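All remarks here apply to the structure that follows.
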Amino acid sequence: MAVAVVLLSGAPFHGGCCRHKVFLSLLGPLLSNSKLYSSYRRPGAEPKKKLSWQNADFSFKKSIDHLKTQLSLLTKETQDYLQGPGGHPLSQHVLEQTRVLWQFRSQEDLNKWVISSDVEIGGKSKVYIKLGRNNQAALLYGTLNTEVPRDGETKYSGYCSMRSRPAVGSFNRKKYYDWSNFNSLYLRVRGDGRPWMVNIYTDPYFSHQKDDLYSYFMFTRGGPYWEEIKIPFSKFFFSSRGRVQDNQHPVWLDKASFLTLGLTIGDKVDGPFQLEIDFIGLLNDRAHREEFAYETYDKN
Amino acid sequence: FTTSLLLGTTMTISSNHWIMAWAGLEINTLAILPMISKSHHPRAIEAATKYFLTQATASALLLFSSMINAWQTGQWDITQLTNPTSCLILTSAIAMKLGLVPFHFWFPEVLQGTPLTTGLLLSTLMKFPPITLLYMTSPSLNPTVLTFMAILSTALGGWMGLNQTQIRKILAFSSISHLGWMTIIISYNPKLTLLNFYLYALMTTATFLTLNSTKTSKLSTLMTTWTKAPALNAALLLTLLSLAGLPPLTGFLPKWLIIQELTKQDMA
């Protein structure tokens, strides 16, 4: 009897408690500090101990130096603006047919690129970059390992990549270039016969387009001779989050910031790889008349 | 969609009630969005999204302005806009609709993402209803604010168009600059605004249609059009000089009359 009284008196309390739990579970994503995606930490990722704002350095002297650097960059940008589009005279913009974007002659040129591999998802591939012989090229080398990390959710592994850093102007504003005069990417490389994938990431304005990527293949010969590979921009196919999309369109080059030009190896073959890159540039190939290599169709 | 555009424009320019004017503007906005995003390219979708956001904000401000005026004065007549707050909000709404400085940032990006024919509609037909509303409410608006925006538009439209290599962006900045000329005179002689607009629409239509026929979208392509259509290229040269306002071409006329009127008002 006493037990029944206790249980009965406890029922509204439990009901209220359950209601409280349901309420909290509905508001859970709003109340918690976790990010919108999964908070699971992959084996290769470093544990985040500090929040990003805690890493900020509030030194006054450093901020003054930073401000001076940014103002000098702004001055240079203004002078370039007075000279012409992209800091060059208009005649140069109209007449140029080739342009070198990245060449590897010093450590500073290497610092414009970031290398990464599947270590960030728990894999075992290794990648390194250094200057080649006589500082005439960059040497990207390493070992590919397709062993899948045993975390229960990764199915594939084994990739290494080299991506360019984004071009920023004064006050960390994005720099946009007009590369519509060119229709091909030109690379002078010396590979080891393994196929690479060239990825172009054009910085989109809206967040739902941040996973968009334009890709094409680069097949290298293994010989001792350098090869000059021309990849027309009309060949790049469009993919989003790694999946090739049905609705294809050519990459627009008029506002090409080319936040990332990437070279990725992921041919599912274990073993060492090596790629020497002399320079990467743009070319206006007058003989290439193709606008787009893939079928575009109207939905309606 | 073209019929909807004409309907929206006609509704706005023939309306006396603010709600009808707002409805016409909304119909225009909604009708042009599928035309902007027709190609389904990410850049076109971006242009459509930017256009929708700015125009929707401007429409909301316009409605807000008319509601404040209706609340204070008890009537919805477009020509009877008397409340100062309403006038200020309406000025900013129309400036956003037209692309006047400092609400101009969307215009070059939107025009760059659209095909040339839709760009033509954006530069001419879509400007007509807001200009009409500005014309109808011009006696009530603050001349200082209008002059300030007009001078900035004329100056910035010219300077920012200097180093552009894409023709649609150049025409967008030209539009901003011409709108500055139209806005500066509206408080003193609104008919000159309309004359300027009609002549600007004519010259811009000629320019856009010429560029569309030669499939030109950037300067380097424009450099080689003389081999394909020499007569059309020569006509384009004259049209562009007219847009620039060089005498003795037609484009000089509105600029001359505007400066003459401003001189009479002790402003030039």
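Naming: A, B, ... by sequence-line order, numbering from 1 per chain. What you are looking at is a predicted structure, and each value in this text was computed from that prediction instead of being measured.
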For [X], does the [atom1] atom have more than 12 heavy-atom neighbours from other residues, nucleotides or ligands under 6.0 Å away?
| X | atom1 | result |
| --- | --- | --- |
| A:D246 | CG | no |
| B:F52 | CZ | no |
| A:Y294 | OH | yes |
| A:Q97 | CD | yes |
| B:F148 | CZ | no |
| A:F171 | CZ | yes |
| B:F64 | CZ | no |

Does a side-chain heavy-atom distance below 4.5 Å link [X] with [Y]?
| X | Y | result |
| --- | --- | --- |
| B:K218 | A:N181 | yes |
| B:L219 | A:L90 | yes |
| A:H249 | B:P42 | yes |

Task: For B:T165 against A:P85, the heavy-atom pair lying closest together - done: CG2-CB, 3.7 Å
Task: Heavy-atom pair of closest approach, residues B:W159 and A:Y81 - done: O-OH, 2.9 Å
Task: Which atoms of A:N284 approach chain B - backbone, side chain, both or neither, heavy atom under 4.5 Å - done: neither
TODO: Please look at A:L95 and chain B and tell me whether the side chain, the backbone, both or neither of the residue comes under 4.5 angstrom of a heavy atom of that chain.
DONE: neither
- [ ] Check each atom of B:Q112 against the heavy atoms of chain A and say whether the ones under 4.5 Å are side chain, backbone, both or neither.
- [x] both
Open item on the list: Working to the nearest 0.5 angstrom, can you tell me the gap between B:N163 CG and A:H88 NE2?
Closed with: 11.5 Å
TODO: Decide, yes or no, whether a salt bridge links A:D254 with B:R43 under the criterion of side-chain N to carboxylate O below 4.0 Å.
DONE: yes
- [ ] Apply side-chain contact (heavy atoms from CB on, under 4.5 Å) to B:Q166 and A:S180, showing your working.
- [x] CA-CA 9 Å; B:Q166 296 293 322; A:S180 51; 3.0 Å; yes
Open item on the list: Report, in residue-number order, which members of residues 224-247 of chain B are under 4.5 Å from chain A by heavy-atom distance.
Closed with: none
- [ ] Indicate yes or no for a side-chain donor-acceptor contact from B:H40 to the backbone of A:Q248 under 3.5 Å, with no hydrogens or angles considered.
- [x] no
